[in-house]
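Following: one structure in structure tokens, then a few remarks.
Position 1 is the first residue of the sequence; numbering continues from there. Every number for a ligand or one of its atoms is a count from 1 in the order of the listing.
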Amino acid sequence: MSFSLRDAHAKGPDEYQERMKLYKKVETVTLIPWYYLAAVDQYERTIRQVRKDLPKAESVIGIYFTPEKWAGPTNPNPEEENPAIIQFFNGMGVDGDGDGKASLKSDEDVLYTFANYLLSYGVDDDNIKIGLWNYYHRDKTVGIIAGKAKIYRHFGRIDLDTHVFPLPLRSNHSYRSTWGDARGWGGRRIHEGTDIFAGYGVPVRATNYGIVEMKGWNKFGGWRVGIRDINNTYHYFAHLSGFAKDLKVGQIVQPGTLIGGVGSSGYGPPGTSGKFPPHLHYGMYKDNGYTEWSFDPTPHLRLWKQQERQALKSKK
Ligand SMILES: [Zn+2]
């Protein structure tokens, strides 16, 4: 499966402002924290980008309701916009913008409808998670949304789209596209990543805004770290020499946060090292709400390197 290099970003800074305004407005009315609304919205926008059974998000809010869910499963008119009739047929749609209609075409109605759903459980973390579970019926989805909420809350903003290359640009390193090769170090069935060769101990950095989802030893991957970003992409760093001091699961990171060093750990019991030349195995996995699959990180690594170089230049 392929998809564009571009993640689920806003079309411009104005769109971020518009989104944030809606989150805050609906938070004021429902007391559902804005960062949960932002997290659900971003989750849905992102899965719509990679799912063929869902229409792409066209407007500012990315949350998707089927007309049946909105108007009520037994409602003979799936285009129904009368809030009273929708309620009669147990539809979810409610009027958020106060124009007397519950419209799927109104971003405010759509966002308010999701907040209104969560509100029936409560406004605290635990009850919101129960509401999310009852909506998505998938632990992983609830975990991903809760992680995004934590990231947005931590930074207090939603424009978190900058990236860096995993190794310092000035370090001596080399890589080529090795994704999909039959053999490799740390792969599973096929080689699910790009190997970046560099000296032992060269710093390894988070490439995205994200949350540390996994840290530990694996027979093949050695010492490794997994970071989930705000686009449902899981970034996997393997064969590390060790971890950055105090790095822990649940920690929020940003592009450039030190996570460990390049190493050659793996292929044996914990601590095994030196069975192959030191390199960083960089893997990327996309979640679409049902399943997760590996894709080639190489074009992304190239793009991030370019972007980081550009950003450094413009600072001078
Ligand atoms: Zn590898």
Side-chain angles (χ1 to χ4, degrees), residues 1-3 5 7 50 163-208 210-229 231-244 247 249 253 255-287 291-308:
M1 176 156 196
S2 69
F3 48 91
L5 274 181
D7 286 320
V50 293
H163 309 277
V164 298
F165 191 73
L167 308 187
L169 291 189
R170 282 189 186 151
S171 66
N172 213 341
H173 58 259
S174 69
Y175 66 102
R176 61 183 179 85
S177 179
T178 49
W179 184 86
D181 285 2
R183 282 162 181 249
W185 297 290
R188 295 182 200 171
R189 297 160 301 268
I190 56 157
H191 186 241
E192 295 185 342
T194 301
D195 292 331
I196 307 171
F197 290 86
Y200 193 88
V202 166
V204 174
R205 313 173 300 161
T207 52
N208 289 258
I211 183 164
V212 178
E213 211 173 87
M214 182 275 297
K215 176 195 159 189
W217 178 268
N218 168 280
K219 196 172 94 178
F220 299 108
W223 300 118
R224 77 254 198 275
V225 170
I227 294 171
R228 175 91 45 190
D229 72 15
N231 292 297
N232 301 355
T233 302
Y234 182 73
H235 303 255
Y236 178 74
F237 304 75
H239 309 315
L240 300 174
S241 58
F243 303 118
L247 187 82
V249 170
V253 295
T257 302
L258 182 70
I259 61 170
V262 171
S264 58
S265 62
Y267 273 68
T272 306
S273 185
K275 294 203 166 179
F276 43 80
H279 68 275
L280 172 68
H281 169 96
Y282 196 91
M284 286 174 83
Y285 298 83
K286 196 76 160 180
D287 188 273
T291 180
E292 195 164 70
W293 69 90
S294 162
F295 60 95
D296 186 2
T298 317
H300 296 263
L301 291 166
R302 286 198 186 112
L303 184 70
W304 299 341
K305 195 179 223 180
Q306 247 175 47
Q307 289 173 339
E308 188 181 353

Hey, is there an N, O or S on H239 sitting under 2.8 Å from the Zn ion (ligand 1)?
-> no
Provide the atom name of the closest N, O or S atom of D195 relative to the Zn ion (ligand 1).
-> OD1
Partner of H239 under ring-ring contact (aromatic ring centres under 6.0 Å, His included), chosen from W223, Y282, F276 | F276
Backbone N/O of L167 and side chain of R205: donor-acceptor pair under 3.5 Å | yes
Looking at side-chain heavy atoms only, is the closest gap between F197 and Y175 below 4.5 Å?
-> no
Nearest heavy atoms of R224 and L240, plus distance in Å = CA-CD1, 4.3 Å
Is the distance from the Zn ion (ligand 1) to some N, O or S atom of H279 under 2.8 Å?
-> no
Can you name the N/O/S atom of H281 that is nearest the Zn ion (ligand 1)?
-> ND1
